[in-house]
Amino acid sequence: MTIIGIDLGTTNSACGVWRDGAVHLIPNRHGDKLTPSVVGFDAGGELIVGKTAQNRLITHPRDTVATFKRLMGTKHRIEVSKTSFTATELSAAVLRSLKEDAEAFLGEPVSEAIISVPAYFNDNQRHATKQAGEIAGMKVQRLINEPTAAALAYGLHDKPEGVFVVLDMGGGTFDVSVIEYFDGVMEVHASAGDNYLGGEDFLEAMVERFLADRKIERAGLDKGALQVLFDAMERAKRAIGRSPAPRVAIELAGTAHDVEITEPWFRDAVAGLLLRVRAPIEQALRDARIPLADIADVLLVGGATRMAVFRNAAGKLFGRIPSSYLDPDLVVAMGATVQAGLKARDSSLDDVVLTDVCPYTLGTEVVDPAGSGKPGFFLPLIERNSVVPTSRVERLFTVADKQARMQVNVFQGENRMVERNVFLGEIDVTVPKRKAGEESIDVRFSYDMNGLLEVDVKVNSSGETINKVIQQAPGALSDDEMARSRQRLAALKFHPREREENLQLLSQGERLYLTHLGDTRAAIGDALAAFEAVLDRQRDSEIGRARDELKAFLDRFDGDLLP
Ligand code: ADP
Ligand code: MG
């Protein structure tokens with residue numbers, strides 16, 4: 001019974017195992033610790049995940065998908081190779097790939113996992129994540145908030161006592177958490193975030209500004225040209241501030257462009273995004289009621305926090321230089337792995353206890369508390385940022401004479417009116433017909449460590465009780481749907497691991513062919529053709545040598561993007 005810790009990211013995923021009192025991050029089939037969260041199908045209809053699929057995003061856009069984590073917990077269907085999938089199923093494919101890599105690395109079956117989720121994930125999204133793990137064939141022992149995982153990874157390194165703030169900016173999301181570590185207990189005081197602010201948005205802003213500067217219509221560019229631009233900008237984004245300044249030298253629609261990506265240009269292009277960094281930080285600090293002066297440390301998590309503009313913005317807001325001594329892309333996976341170690345009751349972790357908070361306010365619908373009799377008002381039961389597990393009970397009375405039914409509508413959100421909050425579920429209760437206000441029910445909300453909500457209703461006059469775990473949240477899968485998803489995934493054939501290295505090289509070559517021109521393109525084309533000829537001859541020793549040569553050749557063009 002091996003349990004692994006998983007960071008299921010929007011852009012990249014990673015996993016690890018707790019062994020001999022330490023975190024061991026697990027390399028995937030390509031030897032990388034990060035696996036791009038990209039899923040696709042190859043020509044033979046076999047499933048491919050990670051770097052190979054990522055290469056094929058541009059060469060085979062209809063057969064490949066990315067950033068589906070943003071659709072977790074919705075019924076939205078995503079088309080890949082003429083088949084439609086939910087984000088949960090696609091995430092399950094990523095998880096299954098991680099599970100296989102872990103099993104190959106550990107030499108034993110992996111049956112359980114701890115998976116991290118953004119602190120801002122709502123109930124539906126958490127359910128979907130748990131279900132994805134189960135579809136992939138792992139029992140999800142616990143979900144852990146990403147910033148909490150990060151704190152756990154940092155906390156174990158030097159155990160600073162005090163309040164600290166975790167800033168996590170990945171590819172698509174920005175999460176802020178205020179955490180206290182005291183006497184061996186880690187407690188999240190507050191979390192806030194922006195689900196649409198990440199490194200990819202900075203990239204998008206760079207591309208938009210470049211096109212505007214040059215008066216180029218985006219619609220007029222073919223997908224190859226656009227990808228060339230995105231690739232060049234991504235390289236530049238990672239090199240900004242270096243000397244000499246990175247250049248973007250490309251040809252678009254027959255015109256050559258050669259521009260220096262300077263820090264002022266970049267700062268200006270992303271100014272709107274940088275402004276949005278502030279609000280979630282302020283909200284988290286306000287909710288935690290922690291003055292700036294009491295913060296012991298600010299921790300940076302997520303690949304996008306490598307950007308100097310982000311570090312400077314964070315530094316200014318907090319009046320100090322943030323810490324980033326752990327690899328920001330891997331901190332969350334490290335923390336999830338520590339949690340996996342905790343779960344397995346590793347004795348070296350005995351002194352660490354973890355508490356967490358509920359990211360949204362949960363409540364029920366009531367009539368106007370001011371007495372107008374109008375329905376549709378929100379009564380919070382569990383306030384945002386309450387420490388979990390938590391449980392609260394509220395007594396509700398009938399409002400009409402001979403009222404026979406009381407409906408408990410469950411909502412999540414921060415609005416006074418329920419219509420502007422997210423509907424999670426309902427419970428119908430029958431009560432004896434009496435005068436208004438003579439019958440009452442006790443509604444109890446219990447929110448557990450996994451972020452799952454349980455509602456208990458008790459009719460006080462009869463003692464009857466009804467219990468409901470909020471499962472039927474919109475977007476969550478029913479048991480039948482789960483079984484179907486599991487069958488669908490089981491029926492999909494994964495591209496064989498041992499042949500994936502070849503496919504990965506070909507996909508990298510095809511991408512580079514698409515994004516280069518002239519002599520370079522011809523040389524890439526020749527190298528690919530030569531490699532295909534070697535593959536056709538099926539002699540293993542020859543294939544191995546040719547693979548090494550092709551890899552070295554292709555990596556020359558991808559150099560800056562490699563970790
Ligand atoms: P997620 O949590 O969304 O899966 P990650 O934490 O892996 O994402 O971060 C991915 C983002 O980090 C991407 O947008 C990527 O461009 C950005 N990134 C990675 N390395 C760097 C770097 N050296 N400089 C700037 N941005 C980077
Ligand atoms: Mg992340």
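Both ligands and their constituent atoms are indexed starting at 1 by order of listing.
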With Ser84 as reference, evaluate His76, Arg77, Glu89 under the side chain to side chain donor-acceptor pair (under 3.5 Å) test and give the passing residue. Arg77
Considering non-hydrogen atoms of the protein only, which is the closest contact for atom 27 (C) of ligand 1, and what is the distance? Gly303 O, 3.3 Å
Would you call Ala304 a ligand 1 contact, heavy-atom distance under 4.0 Å? yes
Begin from the C-alpha positions of Ser323 and Leu299 and carry the test side-chain contact (heavy atoms from CB on, under 4.5 Å) through to its verdict. CA-CA 5 Å; Ser323 293; Leu299 309 177; 3.9 Å; yes
Looking at Arg142, Gln141, Lys139, which one forms a side chain to side chain donor-acceptor pair (under 3.5 Å) with Glu112? Gln141
Atom 14 (O) of ligand 1: which protein heavy atom is closest, and how many Å away? Glu200 OE2, 2.6 Å
Begin from the C-alpha positions of Phe105 and His24 and carry the test ring-ring contact (aromatic ring centres under 6.0 Å, His included) through to its verdict. CA-CA 11 Å; Phe105 177 76; His24 295 265; 7.8 Å; no
For ligand 1, which atoms sit closer than 4.0 Å to a heavy atom of Gly9? 4 (O)
To the nearest 0.1 Å, how far is atom 23 (N) of ligand 1 from its closest protein heavy atom, and which atom is that? Arg306 CD, 3.4 Å
Counting non-hydrogen protein atoms only, what is the nearest one to atom 7 (O) of ligand 1? Give residue, atom name and distance. Asn12 ND2, 2.9 Å
Going by the angle between their ring planes, with limits at 30° and 60°, are Phe202 and Phe266 parallel, tilted or perpendicular? tilted
What about Tyr181 and Tyr154, are their ring centers closer than 6.0 Å? no
Is there at least one pair of N or O atoms, one from Met169 and one from ligand 1, spaced under 3.5 Å apart? no
Tell me: protein heavy atom nearest atom 2 (O) of ligand 1, and distance? Gly170 CA, 3.8 Å
Examine the proximity of ligand 1 to Glu146 and report which part, side chain or backbone, both or neither, has a heavy atom under 4.0 Å away. neither
Examine Gly302 against ligand 1 and note whether any of their N/O atoms are separated by less than 3.5 Å. no
Looking at atom 25 (C) of ligand 1, what's its closest protein heavy atom, distance included? Met307 CG, 3.5 Å
Looking only at non-hydrogen atoms, the one of Thr11, Thr173, Asp175, Leu34 nearest atom 1 (P) of ligand 1 is Thr11
Is the shortest distance from a Lys or Arg side-chain nitrogen in Asp558 or Arg235 to a carboxylate oxygen in the other one below 4.0 Å? yes
Does the gap between the ring centers of His60 and Phe41 come in under 6.0 Å? no
Can you tell whether the side chains of Asp327 and Arg306 come within less than 4.0 Å, N to carboxylate O? yes
Between Arg29 and Glu100, is there a side-chain N and carboxylate O pair less than 4.0 Å apart? yes
At what distance is the nearest protein heavy atom to atom 8 (O) of ligand 1, and which residue and atom is it? Gly171 N, 3.2 Å
Quick note on ligand 1: atoms under 4.0 Å from a heavy atom of Lys237 include exactly 14 (O), 15 (C), 16 (O), 26 (N)
May I ask you to list the atoms of ligand 1 that are less than 4.0 angstrom from any heavy atom of Glu234? 15 (C), 16 (O)
